[in-house]
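Worksheet: one structure, shown below.
Counting convention: from 1, in listed order, for ligands and their atoms alike. Quick note: residue numbers are just sequence positions, from 1.
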Amino acid sequence: MIKKIAILGSTGSIGTQALEIVREQTDKLEIELLTAHSNADLLIAQAIEFKPNHVVIVDENQYRKVKDALDPLDIKVFTGSKSIEDLMEITSADTILTAMVGYSGLKPTIKAIENKKRVALANKETLVVAGELISALCIEHKVEIIPVDSEHSAIFQCLVGESPDAIDKIILTASGGPFRGKKRADLTHITKADALRHPNWNMGAKVTIDSATLMNKGLEVIEAKWLFGLNLKQIEVVVHPQSIIHSMVEFNDGSIKAQLGLPDMKLPIHYAFFFPERTHSNFRRMSFKEINTLSFEEPDLETFRNLALAYEAMEKGGNLACILNAANEIAVAAFLDDKIGFLKIAELNENCMAKVPFVSKPTLNDYIETDSETRRIAKSLL
Ligand code: NDP
Ligand code: MG
């Protein structure tokens, strides 16, 4: 049977890799919907090649260009972020790959779940912002989230055939990013170019900076809590610079399972598209003859404050992770804009967590308000 796929954020790093998979598996995968923020040229080229029924270009200034290009092909073109939400009701896609960046994933993911679509989740920020609400919606609508983030895909794969009660803990691996081993004094004059040079992964700018500050691992700790129903003490982070072990699960009998592979996001995307089947791929294979070391270190929470902040947000719950996420989005954008230094990112996050009002049992409206209030305060603190 052909699987019908929607890719939200098709012009990004995850989106384009997902389309590489579809290109190689046209007998098994079909594209129903593609969305982008403002990269009209790439979106048009993708739509011409993959012939979806629907396309969204969020940026209204680019709408005419995309519409004029795709109208003759009978591809319906929409604009504005609300249309992504609306299309979750209309699209005949059965799997929605959420590959947009940041908070923008929240509302479309909610609509996808309400419309009983399977979610292949790359957009970790959605679970960080509103994990409790998303988890409740998944239960209510009997919807499965299949993780695409490599660590969570690894854990998900380790858990196939296991009872959740048998998990003692999970061990999330972190590459440590480009500044592993550095101390705060070494990081004062870090430039954007230094921070964008990730040793193992080639990703979008936001997640690359998050990897350099260890915020990415912090977001992933929170993502894991909601995906696998775990508590703080059950989620350990270990730095593993080679990024070969993508993560591990330790069970109650002391056994540890790990999932290994080359650092290539196509593998977890492919797994999420075909789950519960495992199907053939032509991806480059790992060889133990070429890898002579797998090493492990403790993360440095003093230098990389963001990981400690994420643990704090997870422990206190409520809207604190939503505050952390919004502050971090503003901080990373400001860093990429050369407005603040590298160390200021975690500082801004911490200040916002202290300043934005805490809500212990947030509703969707509370999350929306928290996000905009945090952005306002974060900008005033830049
Ligand atoms: P990119 O920045 O490369 O791509 C983001 C995509 O989202 C683009 O298609 C972009 O469109 C679109 N987009 C940006 N802003 C908005 C918005 N406000 N509304 C709607 N669409 C928007 O990101 P990545 O592919 O690197 O990451 C996507 C998600 O996957 C993130 O949540 C990230 O944390 C997660 N992830 C990424 C990994 C990776 O290897 N890249 C690994 C694991 C998780 P346009 O091109 O037009 O700007
Ligand atoms: Mg990851």
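Of all atoms in ligand 1, listed by their number and element, those nearer than 4.0 Å to a heavy atom of Asn39 are 46 (O), 47 (O). In the vicinity of Met265, heavy-atom distances shorter than 4.0 Å reach the ligand 1 atoms 40 (O), 42 (C), 43 (C). In the vicinity of Val101, heavy-atom distances shorter than 4.0 Å reach the ligand 1 atoms 7 (O), 14 (C), 15 (N). Set against the non-hydrogen atoms of Ser10, the atoms of ligand 1 under 4.0 Å away are 9 (O).
If you look at Val58 next to ligand 1, the close heavy atoms, those under 4.0 Å, all belong to the side chain. If you look at Glu125 next to ligand 1, the close heavy atoms, those under 4.0 Å, all belong to the side chain. Contacts of Thr11 with ligand 1, taken as heavy-atom pairs under 4.0 Å, involve both backbone and side chain. Of all the heavy atoms of Ser150, none lies under 4.0 Å from any atom of ligand 1, so neither backbone nor side chain is involved.
Taking the Mg ion (ligand 2) as reference, Glu151 places its N/O/S atom OE1 nearest. The atom name of the N/O/S atom in Glu220 closest to the Mg ion (ligand 2) is OE2. Asp149 has its closest N, O or S atom to the Mg ion (ligand 2) at the position named OD1.
Side-chain contact check for Glu220 and Asn216: at least one donor-acceptor pair (N or O, by modelled atom type) lies under 3.5 Å.
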Would Thr91 and Lys117 count as a side-chain contact (heavy atoms from CB on, under 4.5 Å) here? Give the steps. CA-CA 10 Å; Thr91 180; Lys117 309 287 187 191; 4.0 Å; yes
Determine, step by step, whether Arg180 and Asp300 satisfy the salt bridge (Lys or Arg N to Asp or Glu O under 4.0 Å) criterion, reporting the C-alpha distance in whole Å, the side-chain angles of both residues, the deciding distance to 0.1 Å, and the verdict. CA-CA 9 Å; Arg180 182 175 59 88; Asp300 174 357; over 6 Å; no
What verdict does the side-chain contact (heavy atoms from CB on, under 4.5 Å) test give for Phe274 and Ile146, after you've listed the backbone C-alpha separation in whole Å, the side-chain angles of each residue and the deciding distance to 0.1 Å? CA-CA 10 Å; Phe274 290 106; Ile146 316 296; over 6 Å; no
Just do the salt bridge (Lys or Arg N to Asp or Glu O under 4.0 Å) check on Glu373 and Arg376 with the steps written out, would you? CA-CA 5 Å; Glu373 179 64 359; Arg376 195 186 62 73; 3.0 Å; yes
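The nearest heavy-atom contact from the protein to atom 43 (C) of ligand 1 is Asp149 OD1, 3.1 Å. Distance from atom 34 (O) of ligand 1 to its nearest protein heavy atom, with residue and atom name: Lys124 CE, 3.2 Å. With hydrogens left out, the protein atom closest to atom 36 (N) of ligand 1 is Ala122 O, 3.9 Å, a heavy atom. Shortest contact from atom 3 (O) of ligand 1 to any protein heavy atom: Ser13 N, 2.9 Å. Here the heavy atom of the protein found nearest to atom 4 (O) of ligand 1 is Gly12 CA, 3.1 Å. Remark: minimum distance from atom 7 (O) of ligand 1 to any protein heavy atom is reached at Met100 CA, 3.3 Å. Closest to atom 27 (O) of ligand 1 among all protein heavy atoms lies Ile14 CG1, 4.2 Å.
Compare Ala205, Ala40, Ser104 by their heavy atoms: the one nearest to atom 18 (N) of ligand 1 is in Ser104. Closest to atom 28 (C) of ligand 1 by heavy atom, among Ala18, Ala36, Ala99, Gly204, is Ala99. Considering His37, Gln17, Met203, Lys266 only, the shortest heavy-atom separation from atom 17 (C) of ligand 1 involves His37.
Note that the NE2 atom of His152 and the CD1 atom of Ile155 stand 6.0 Å from one another [nearest 0.5 Å].
Asp41 has a carboxylate O that lies under 4.0 Å from a charged side-chain N of Lys65, or vice versa, which qualifies the two as a salt bridge. With respect to the salt-bridge test (charged N to carboxylate O, under 4.0 angstrom), the residues Lys111 and Glu114 qualify. Contact check on Glu125 versus Lys206 returns a salt bridge, with a Lys/Arg side-chain nitrogen under 4.0 Å from an Asp/Glu carboxylate oxygen.
Looking only at side-chain heavy atoms (C-beta outward), His37 and Met100 stay at 4.5 Å or farther from each other.
Ring orientation note: the planes of His246 and Trp201 are tilted relative to one another, at an angle of 30° to 60°.
Environment of CZ in Arg23: crowded, with over 12 heavy atoms of neighbouring residues, nucleotides or ligands closer than 6.0 Å.
Under the 4.0 angstrom criterion for non-hydrogen atoms, Ser81 is not in contact with ligand 1.
Results of the side-chain contact (heavy atoms from CB on, under 4.5 Å) test with Thr126 over Val129, Asn123, Val128 single out Asn123 as the only residue that passes.
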